[in-house]
Amino acid sequence: MSYFADKQPLVADIFSRYPASPQGRRSALMPLLREVQNAFGYVSETHAAEIASLCGTTATEVRSVMSFYSTYHTVPTGKYHLQVCSTLMCALAGSDELWDHLVSTLDVQPGEVTGDGRFSVQKVECLGSCGTAPVVQIGDEGYYENVTRAKCDRLIKAMRADIPPPPDNPVPVTVREDGRQMTAKGERVGASIHDLAPLTGSEA
């Protein structure tokens with residue numbers, strides 16, 4: 001059975017957020033990807049094809065969208081997915097050396113998961129924290145900043161004991177189901193989908 005076969009109310013809810021048009025159906029691609037990834041930790045070829053069918057597009061387009069965002073994974077990830085920022089400021093601050101230390105210490109390469117299922121690694125593009133480079137993001141939880149080899153070793157030791165310290169900076173903005181963004185402090189940012197109204201003739 002396909003993943004969404006028994007989730008028609010959820011699918012209908014997601015599609016209701018977008019215009020009832022072919023373009024609107026394709027706009028639902030990202031929340032459908034997020035739903036699958038939250039369930040499995042990654043999006044398989046089978047699930048990508050199912051999402052493509054739901055959105056009226058091709059699996060190639062789904063993979064194209066996924067390849068643009070480092071938050072989507074095409075292979076299983078470990079319990080702790082470590083993402084090392086590899087853009088200029090982090091590179092100047094030592095992220096390449098940190099990456100080498102990380103993959104050597106964990107004995108894992110991108111696309112692999114350690115034998116105990118605990119760790120996977122990925123180089124990612126700018127995490128937007130240049131002032132605290134080098135930066136490592138673990139899962140969707142937040143940023144660990146100014147990560148030296150010693151700090152990296154402490155983090156790994158803590159994760160091996162399943163007691164990772166809280167991130168130095170939580171992911172700054174989360175998005176709730178109604179589309180409203182919230183800061184890490186719980187403050188509202190912008191509008192929700194319920195605040196939207198159709199344009200009138202004079203505004204269109």
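Residues: numbered from 1 along the sequence shown. Only heavy atoms go into these numbers, but all of them, side chains included; no hydrogens, no water, no symmetry mates.
Side chains of T77 and F119 form no contact here, defined as non-hydrogen atoms less than 4.5 Å apart. The closest side-chain heavy-atom distance from D116 to K79 is not below 4.5 Å. Inter-residue side-chain proximity for V108 and V113 is flagged as unmet; no heavy-atom pair is nearer than 4.5 Å.
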Next item on the list: For H81 and I138, run side chain to side chain contact (heavy atoms under 4.5 Å, CB included): C-alpha distance rounded to whole Å, both residues' side-chain angles, the deciding distance at 0.1 Å, then the answer.
Entry: CA-CA 5 Å; H81 185 61; I138 299 177; over 6 Å; no
Next item on the list: Begin from the C-alpha positions of Y3 and F40 and carry the test ring-ring contact (aromatic ring centres under 6.0 Å, His included) through to its verdict.
Entry: CA-CA 10 Å; Y3 176 72; F40 298 98; 5.4 Å; yes
Note to self: Determine whether V147 and V135 satisfy the following criterion, side chain to side chain contact (heavy atoms under 4.5 Å, CB included), listing intermediate values before the conclusion.
What the structure shows: CA-CA 6 Å; V147 182; V135 175; over 6 Å; no
Margin query: Go through it in stages, so that I can follow the logic: the residues are T114 and Y80, the test is side chain to side chain contact (heavy atoms under 4.5 Å, CB included), and I'd like the CA-CA distance, side-chain angles, deciding distance and then a yes or no.
Written below: CA-CA 10 Å; T114 55; Y80 300 106; over 6 Å; no
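Ion pairing between D153 and K157 fails under the 4.0 Å rule for side-chain N and carboxylate O. Taking 4.0 Å as the cut-off between side-chain N and carboxylate O, R63 and E45 count as a salt-bridged pair. Remark: D13 does not engage K7 in a salt bridge, criterion side-chain N to carboxylate O under 4.0 Å.
We find the CG-OG1 distance between L29 and T57 to be 7.0 Å, quoted to the nearest 0.5 Å. Note that the OG1 atom of T74 and the NE2 atom of H47 stand 14.0 Å from one another [nearest 0.5 Å].
By the neighbour-count criterion of 12 heavy atoms within 6.0 Å, atom CG of N38 is densely surrounded, having more than that number from other residues, nucleotides or ligands.
Two different hydrophobic clusters hold I163 and L82 under the rule that ILVMFWY side chains link at heavy-atom gaps under 4.5 Å.
When hydrophobic residues (I, L, V, M, F, W, Y) are linked wherever their side-chain heavy atoms come within less than 4.5 Å, V75 remains an isolated member.
Within the structure, ring-ring contact (aromatic ring centres under 6.0 Å, His included) pairs that include any residue of residues 13-38 do not occur (at least two apart or interchain).
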Extract all donor-acceptor atom pairs below 3.5 Å that involve side chains of residues 87-100 and protein atoms in other chains or at least two apart in sequence.
| residue | atom | partner | partner atom | Å |
| --- | --- | --- | --- | --- |
| S95 | OG | C85 | O | 3.3 |
| S95 | OG | C90 | O | 3.2 |
| S95 | OG | A91 | N | 3.2 |

